[in-house]
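The analysis underlying the following values was restricted to heavy atoms, covering all of them including side chains, and did not include hydrogens, waters or symmetry mates.
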Amino acid sequence: MKNYIYILFSLSSAYLLSGCGTAMPVSDLNAQPMQPLLSATNCQCDPAPMQMASMSTETFNLEAIYFDTDKANLRSSANNKLDKIAAAIKNNQPYRVAVEGNADIRGSTQYNQGLSERRASSVRRALIQRGVAADLLKSKGYSDTKPVASNASERGMQLNRRVDVTLYMK
């Protein structure tokens with residue numbers, strides 16, 4: 001297995017997911033943004049969110065952008081997070097940025113696939129508008145196949161309606 005180093009940046013409150021699938025709870029969704037988390041963990045799993053070359057890669061997972069039920073348009077509250085994500089991308093000069101859309105379990109898998117793709121496209125467009133080079137950004141939708149919380153509660157479903165942004169560094 002490949003050795004990946006994950007550094008999680010917490011840009012607002014929510015559950016953060018490391019590449020090993022371990023959720024870390026923090027305070028509620030409406031709390032103020034937190035400072036970046038500077039600790040790193042060594043992970044022996046291969047999350048492969050995009051087709052990766054077979055080389056050791058350093059990745060930075062930036063916290064998710066959240067969406068309302070059945071919506072792909074960005075909340076106005078996402079602007080501050082998107083500004084910080086765009087700055088992180090510009091400051092780190094990654095060779096690729098994965099923009100990965102997700103959905104909760106409401107709706108069919110096929111419908112959620114389209115919804116997750118539209119969500120990823122919304123974030124991708126917003127990052128391009130903030131000066132991120134379009135050729136760095138690879139967007140993909142994952143329907144409801146990558147939940148970070150249980151879909152049994154409204155709170156869990158909210159956490160699953162998201163777009164994750166990951167920087168891949170050489």
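- Annotation: side chain of Pro147 is in contact with side chain of Asn151 (closest heavy-atom distance under 4.5 Å).
- Between Thr59 and Met169 there is no side-chain heavy-atom pair separated by less than 4.5 Å.
- Side-chain contact annotation: Asn61 with Thr166, donor-acceptor N/O pair under 3.5 Å present.
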Do Leu127 and Leu136 pass the side chain to side chain contact (heavy atoms under 4.5 Å, CB included) test, and can you show the C-alpha distance, the side-chain angles, and the key distance before you say yes or no?
-> CA-CA 10 Å; Leu127 292 172; Leu136 288 177; over 6 Å; no
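- Formation of a donor-acceptor pair under 3.5 Å by the Glu100 side chain with backbone atoms of Gly141 is not found in this model.
- Looking at Leu159 and Tyr66, their side chains come closer than 4.5 Å, going by heavy atoms from C-beta outward.
- For the residue pair Ser121 and Ser139, the shortest heavy atom distance occurs at OG-OG, 4.4 Å.
- At a cut-off of 3.5 Å, with distance as the only test, a side-chain donor of Asn79 or Arg130 sits close to an acceptor on the other residue.
- Side-chain contact between Leu137 and Val99 is present, with at least one heavy-atom pair separated by less than 4.5 Å.
- For the pair Lys71 and Phe67, the cation-pi criterion (under 6.0 Å, within 45° of the ring axis) is not fulfilled.
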Evaluate the side chain to side chain contact (heavy atoms under 4.5 Å, CB included) criterion for residues Lys146 and Arg162: first the C-alpha distance (whole Å), next the side-chain angles of each, then the deciding distance (0.1 Å), finally the verdict.
-> CA-CA 10 Å; Lys146 291 185 162 190; Arg162 71 191 192 286; 4.1 Å; yes
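- Judged as a salt bridge (charged side-chain N to carboxylate O under 4.0 Å, His left out), the pairs with a partner in residues 101-118 (not counting sequence neighbours) are, in order, Asp104-Arg106, Asp104-Arg161, Arg106-Glu154.
- Taking NZ from Lys140 and OG from Ser116, the interatomic distance works out to 10.0 Å, rounded to the nearest 0.5 Å.
- The minimum heavy-atom distance between Leu115 and Ala103, with the atom names listed, is CD2-CB, 4.5 Å.
- Residues Val165 and Val123 form a side-chain contact, since some pair of their non-hydrogen atoms from C-beta on lies under 4.5 Å apart.
- In this structure, the side chain of Asn160 engages the main chain of Ala149 through a donor-acceptor pair within 3.5 Å.
- Salt-bridge formation is not detected for the pair Asp83/Lys81: no Lys NZ or Arg NE/NH1/NH2 atom is positioned less than 4.0 Å from an Asp or Glu carboxylate oxygen.
- Of all the heavy atoms in Asp164 and Ala64, the pair that sits closest is OD1-CB, 3.4 Å.
- The minimum heavy-atom distance between Ala120 and Gly101, with the atom names listed, is CB-N, 3.6 Å.
- Residues Tyr111 and Asp70 have side chains that bring a donor and an acceptor to within less than 3.5 angstrom of each other.
- No donor-acceptor distance shorter than 3.5 angstrom exists from the side chain of Asn91 to the backbone of Ile89, with no hydrogens or angles considered.
- Looking only at distances, a side-chain donor or acceptor of Ser143 sits under 3.5 Å from a matching main-chain atom of Thr109.
- Nearest heavy atoms, Ala88 versus Leu62: CB-CD1, 4.1 Å.
- Within the 4.5 Å cutoff, side-chain heavy atoms of Leu82 are placed close to those of Leu74.
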